[in-house]
Amino acid sequence: MIIMKNDEVMNIAKKRGFLWSSFEIYAGVAGFFDYGPLGAVLKNKIMNKWRNYYVVREGFYEIESPTIMPEEALKASGHVDHFSDPMTECKDCLEVFRADHVIKETIGSDVEGLDNDELSTILSDEQICCPRCGGHLTHVWSYNLMFQTLIGAKGKKTGYMRPETAQGIFIPFKRLLRFYRNKLPFGVVQLGKAYRNEISPRQGVIRLREFTQAEVEIFVDPRDKTHPRFQDVALDTLTLYSAENQSHETGLIKLSAGEAVKEGVISSEMLTYQLCLAGRFLKDLGVPEEVIRFRQHLPSEMAHYAIDCWDVEVETDRYGWIEIIGIADRTDFDLKSHSQHSKEDLRVFIEYPEPKTIKKMVAKPQMSKFGPLFKGDAPKILKALQDVDASQIAESFEENEMYEIGVGGEFYKLIPDLVDFQEVEETVRGEKIFPHVIEPSYGIDRIIYSVLLHCYQEDGDRTLLHLPADIAPVEVNVFPLVNKGPLPEIAIKIKDQMRADGFMAEYDSSGTIGRRYARSDEIGVPFAVTVDHRTMEDNTITIRNRDDSNQVRIPVEDVYQVIDDLIKLKIKFEDLETNQGS
RNA sequence: GCGGCUGUAGUCUAGUCUGGUUAGGACUUGGGCCUUCCAAGCCUACGACCCGGGUUCAAAUCCCGGCAGCCGCACCA
């Protein structure tokens, strides 16, 4: 039995307060995890680093919307109908199947969109039996992956826990568009909990029923998916596993971002830019490049509305390659659908660079004849007439001497006498379109797992977490070399000053100094300040670097600034060593 | 949701088959001694039979149910 890094890491995570399964004293519930004292800090630091990437540097403002959503909204998004699976169970062997899959496999017809009763009817009419044992299948029921709840005291309104944060961004689109002063492209982010009632969550923190997402929705002009700062990422190397590589089993390819766009492997600059950003983010979290790949969705697995979709995957010893970020071009599906369901116009007016003057024929009703003829119906006919292309009417006049127009179920005959045609010049300044959406969607819990897993290292007896200094939960430890004389007191004072300066600092005097360093390394504290005999002589302390155990000696009064620079990655520990040497 | 295996301190484990004294050990952790730089040593303390029911004079041990974990199947818009 190979000892998996996964097991070691999860062991430390539990023992030292990063992660553990929830409700343990009540035997736990599958699919729920607590973040412990260190885990919660780590998570916040990672989320804040993420904000620094997207909110600060990309300028995509963050919003926060409710985690409970009304049924209508999720009906529009497709989750009510499509996030549930029609299930059927074999009465004999108790195996559970997806009803639509069984039907498709047995009689070959596509039954997408049929409701449960219709599916049940097909099952019995076609005498479809259990694919495994040939037994009888039950009626079809829905297993919806969303947690359902009731809103209000009378509980009349059905609500669901949101299955993704994205919808919370699409719904207030009009307000967001206005906030961004009606101009594309713009991006909006949301970090928060999402909920999926997985049938059988089993892979620890990889598949949770309640999890944290960080999602970005970037609204772009569908005709222009170039990125203004593409040059900034064009030379980034991406390890790609394209749909073609997968179907031909040709392995991974390494391309620069620029090449990937040029060769059409990735569909747009916008999408590619996001892939690069995701890659950089992971590397900044200490996930090495060798374990990151970008896998394109196969046409068969891609949601029908997406035109290109890439998963960022990280390799793990326990679970293989796992998806931790999904980056999709969702086109205009969501906005269009919400537009239809809500009857709100969620389009954006895009101005042409130059106003276009177009000549067109318009039909001008002869009101003096029109009015008397149609009387009360005239206004609505006029209104309907506005939506009809004048050339169509002209054509119909030529062929049939009349044009029939339908208004609300009634038909009216127009004869050439009633309508004049005029050629007019019209200035068109732009047009209304549904923006396309580029969506990077991060699974924060999976990222935290990946970070812990790949920052974990064994070095002889020593185990350490190579967390980047700016995400390490405890930033600095302060130790007295021995518990004698004034050393503890000085160390405590330094620790207190560190805390006053805003550092996550801890003091530890228990056991030998070696044991304290070991404890410190195990949770990835990047630096340790040690107070020793020389501190009393010349007021200096040592700073120990977690990653190589090296130490440099500096004056006590400098320690706060130096630690600050180290934690914020402004200087490297090696620079201190060099300075000291000179 | 189905089937198989498993469940003893924070961790690893002895004991379970064959029911019987105060559930034993190691590591970890807390306190103390020692110790002037990387899990040393000594003393000391805390800490467990997954939950519920049954059988029995007696259950960690046998039986049933539940829960959780692992493996396989299914599921994963």
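Between A:R546 and A:E522 no salt bridge is recorded (no basic side-chain N to carboxylate O distance below 4.0 Å). No salt bridge links A:R209 with A:E198; every basic N to acidic carboxylate O contact stays at or beyond 4.0 Å. The existence of a salt bridge linking A:K5 and A:E315 is excluded, since no basic side-chain nitrogen approaches an acidic carboxylate oxygen closer than 4.0 Å.
Rounded to an integer number of Å, the gap from A:D7 CG to B:C71 P is 10 Å. When the P atom of B:G66 is taken as reference, atom OH of A:Y26 falls 22 Å away, rounded to whole Å. Taking atom CG of residue A:D508 and atom C1' of nucleotide B:U29, one finds them 12 Å apart after rounding to whole Å. The CD1 atom of A:I25 sits 16 Å away from the C1' atom of B:G10 (whole-angstrom rounding). One atom, NZ of A:K14, and another, C1' of B:C12, lie 13 Å apart when rounded to the nearest Å.
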Nucleotide by nucleotide, nucleotides 37-46 of chain B touches protein heavy atoms under 4.0 Å in the pattern (B base, S sugar-phosphate only, - none) BBBB------
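Between A:Y517 and A:F479, the distance separating the two ring centers is shorter than 6.0 angstrom. Between A:F173 and A:F219, a ring centre-to-centre spacing shorter than 6.0 Å is recorded.
As rounded to the nearest Å, B:C5 and B:C62 have P atoms that lie 14 Å from one another. The separation of B:C49 from B:G7, taken at their P atoms, amounts to 15 Å, rounded to a whole angstrom.
Applying the salt bridge (Lys or Arg N to Asp or Glu O under 4.0 Å) test to A:R196 and every residue at least two apart in sequence or in another chain returns nothing.
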